[in-house]
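In this chain, numbering begins with 1 at the start of the sequence shown.
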Amino acid sequence: MSTPRFLDLPPGVRRTDVATPLGTVAALTALPAAGGCELQPALLVPGFTGSKEDFIGLLQTLAQAGRSVVAIDLPGQYESPGLADPADYTRAGLGRAVAAVAAALDHGPVHLLGHSFGGLVTRETVIEARVPVLSFTLMSSGPSAIGGARASDARRLVAALGRTPTREHVHALWADHLDAPARTSGLPDEIYAFLRARMLANHPDALVRMAEELLSAPDRTLDLAATDVPKLVVYGENDDAWPAEVQATMAEHLGAQRVVIPGAAHSPNVEAPETTAGALTAFWNRVETPPRPAAAS
């Protein structure tokens with residue numbers, strides 16, 4: 001799971017709720033500390049077992065470029081209420097929820113970003129074209145199901161929670177598998193307390209269904225490539241989820257710009273926030289700046 005390094009909201013960042021026809025979504029909204037929002041907004045979507053706080057290190061810097069930036073909890077994550085029908089926790093169903101958030105912001109086309117599992121969700125938003133998207137960024141996300149050690153972790157979670165997951169199962173999962181590693185990792189007490197509260201607040205159905213989606217996602221690179229949305233693939237040089245070469249190949253097939261963040265692993269938003277924010281702002285600004293006409297000869 002992504003682990004934020006601090007929790008105090010920077011200047012210009014506030015906790016909000018976004019009302020949509022599909023339900024209320026918890027968010028952190030950042031606005032420039034000075035000046036207006038002259039640029040188009042950005043919408044940031046976290047990964048599996050993540051939350052809006054995963055982006056807390058980026059928000060102020062991104063907003064200072066002159067745009068509003070909204071980071072959300074997906075439905076069933078942390079402070080966002082769960083969905084009435086567990087069947088809606090598919091990639092496509094969550095992608096529609098993201099589209100509903102973008103539409104509810106009512107600020108025109110957004111720069112959409114998905115981190116890790118959030119990338120698998122938001123690509124559905126782009127492919128289904130239910131809402132205008134100005135650009136799309138895949139951050140530390142791959143073309144299909146996750147593998148390796150993280151896949152093993154997801155399978156253990158599904159096995160621990162069972163086919164009829166309950167809050168009691170989630171508490172047992174934390175106590176039996178997650179508490180000791182979190183306690184012994186050297187985290188400050190407030191970050192440990194946050195990680196525990198976040199995991200226990202997740203809707204049990206959401207945890208299981210999202211894990212299953214993470215383990216079964218097909219490769220939709222060709223479908224995504226067929227959209228005319230400008231694309232960016234960004235990841236840490238030491239990403240241990242989807243291998244760097246897999247993400248590089250995906251970027252090539254998408255015709256996407258690719259940025260590798262030095263010194264970062266699976267969460268460049270946490271591990272190298274200033275470098276990551278600079279790469280995102282540069283990409284978004286280029287998308288919004290029309291090319292100059294060639295000078296007459």
No-hydrogen, no-angle side-chain donor-acceptor test under 3.5 Å, Ser135 and His111: yes
Side chain Thr289, main chain Asn285, donor-acceptor under 3.5 Å: yes
Heavy-atom donor-acceptor pair, Gln40 side chain to His107 backbone, under 3.5 Å: yes
Sidechain N-carboxylate O distance under 4.0 Å for Glu288, Arg67: yes
Test item: Ile127 and Arg220 side chains (from C-beta on) under 4.5 Å apart, heavy atoms: yes
Trace of the side chain to side chain contact (heavy atoms under 4.5 Å, CB included) decision for Thr137 with Leu112: CA-CA 6 Å; Thr137 298; Leu112 182 61; over 6 Å; no
Residues Arg96, Glu124: salt bridge by 4.0 Å N-O rule: no
Other residues, nucleotides, ligands: >12 heavy atoms within 6.0 Å of Asp8 CG: no
Heavy-atom side-chain contact between Lys52 and Pro46 under 4.5 Å: no
Exceeds 12 heavy-atom contacts within 6.0 angstrom, atom CD of Glu245: yes
Ion pair check, Arg150 and Asp153, cut-off under 4.0 Å: no
Beyond-backbone contact of Leu187 with Thr3, side-chain heavy atoms, under 4.5 angstrom: yes
Backbone N/O of Ala33 and side chain of Gln64: donor-acceptor pair under 3.5 Å: yes
Electrostatic pair Arg198:Asp54 at N-O distance under 4.0 angstrom: yes
same_hphob_cluster(Phe48, Leu173) at 4.5 Å side-chain heavy-atom cutoff: yes
CA sep, side-chain torsions, deciding dist, call: Ser51, Glu79, side chain to side chain contact (heavy atoms under 4.5 Å, CB included): CA-CA 8 Å; Ser51 67; Glu79 294 181 318; over 6 Å; no
Any donor-acceptor pair under 3.5 Å from Arg286 side chain to Thr281 backbone: no
Closest heavy-atom pair and its distance - Pro218, Arg91: CD-NH2, 3.0 Å
Gap between atom CG of Asp88 and atom CG of Leu83 - 0.5 Å precision: 5.5 Å
Common cluster, Val121/Leu22, ILVMFWY with side-chain heavy-atom separation under 4.5 Å: no
Heavy-atom side-chain proximity of Met250 to Val233 below 4.5 angstrom: yes
Hydrophobic cluster identity match, Leu120 and Val229, side-chain contacts under 4.5 Å: yes
Heavy-atom donor-acceptor pair, His177 side chain to Trp174 backbone, under 3.5 Å: no
Minimum heavy-atom distance Ala99-Thr125, with the two atoms named: CB-CG2, 3.9 Å
Phe117-Val246 co-clustered via ILVMFWY side chain contacts under 4.5 Å: no
Fellow cluster residues of Trp284, listed by chain then number, with links counted only when side-chain atoms sit under 4.5 Å apart: Phe6, Leu9, Val13, Leu28, Leu44, Phe55, Ile56, Leu58, Leu59, Leu62, Val69, Leu113, Leu134, Met139, Leu232, Val234, Val259, Ile261, Leu280, Phe283, Val287
Straight-line distance of Thr221 OG1 to Glu252 CD, nearest 0.5 Å: 11.5 Å
Whether Thr20 side chain and Gly23 backbone form a donor-acceptor pair below 3.5 Å: yes
Closest heavy-atom pair and its distance - Cys37, Ser68: SG-N, 3.7 Å
Distance in Å, Met210 CE paired with Leu74 CG, rounded so as to fall on 0.5 Å steps: 5.0 Å
Any residue meeting side-chain contact (heavy atoms from CB on, under 4.5 Å) with Val270, in chain and number order, not counting sequence neighbours: Arg5, Ser267
Pairs satisfying ring pair (Phe, Tyr, Trp, His ring centres under 6.0 Å), at least one member in residues 59-102, at least two apart: Tyr78-Phe194
Pair Ser116-Ser141, side-chain donor/acceptor within less than 3.5 Å: no
Least distance between heavy atoms, Ala145 atom then Trp242 atom: O-NE1, 3.5 Å
Pairwise side-chain contact, Leu161 with Leu157, heavy-atom cut-off 4.5 Å (strictly under): yes
Single-linkage hydrophobic cluster, 4.5 Å side-chain cutoff, Leu105 and Leu31 together: no
Euclidean distance, Asp73 CG relative to Glu53 CD, rounded to 0.5 Å: 6.0 Å
Minimum heavy-atom distance Gly236-Ser140, with the two atoms named: N-OG, 4.2 Å
Within 6.0 angstrom of Asp85 CG, more than 12 heavy atoms from elsewhere: yes
Whether Glu213 side chain and Thr90 backbone form a donor-acceptor pair below 3.5 Å: no
Lys/Arg-Asp/Glu bridge criterion (N-O < 4.0 Å) met for Arg163, Glu212: yes
Contact check, side chains of Thr49 and Met199, non-hydrogen atoms, under 4.5 Å: yes
Arg156 and Ser152, any side-chain heavy atoms less than 4.5 Å apart: yes
Close side-chain approach of Leu138 to His115, heavy-atom, < 4.5 Å: no
Check: Glu237 side chain, Gly263 main-chain N or O, donor-acceptor pair, under 3.5 Å: yes
Atom pair CD1 (Ile72) and CG (Asp17), whose distance is rounded to the nearest 0.5 Å: 12.0 Å
His266 and Asp239: side chain donor to acceptor below 3.5 Å: yes
Pair His203-Arg167, side chain to side chain contact (heavy atoms under 4.5 Å, CB included): steps then yes or no: CA-CA 8 Å; His203 194 287; Arg167 293 285 179 189; 4.3 Å; yes
Rounded distance [0.5 Å steps], CZ in Arg123 versus CG in Leu254: 9.5 Å
Nearest non-hydrogen partners of Pro75 and Ala206, listed with the distance: O-CB, 4.3 Å
Audit row: Thr61, Glu274, side-chain hydrogen bond (donor to acceptor under 3.5 Å, both in side chains) steps and yes/no: CA-CA 7 Å; Thr61 304; Glu274 291 301 319; 3.0 Å; yes
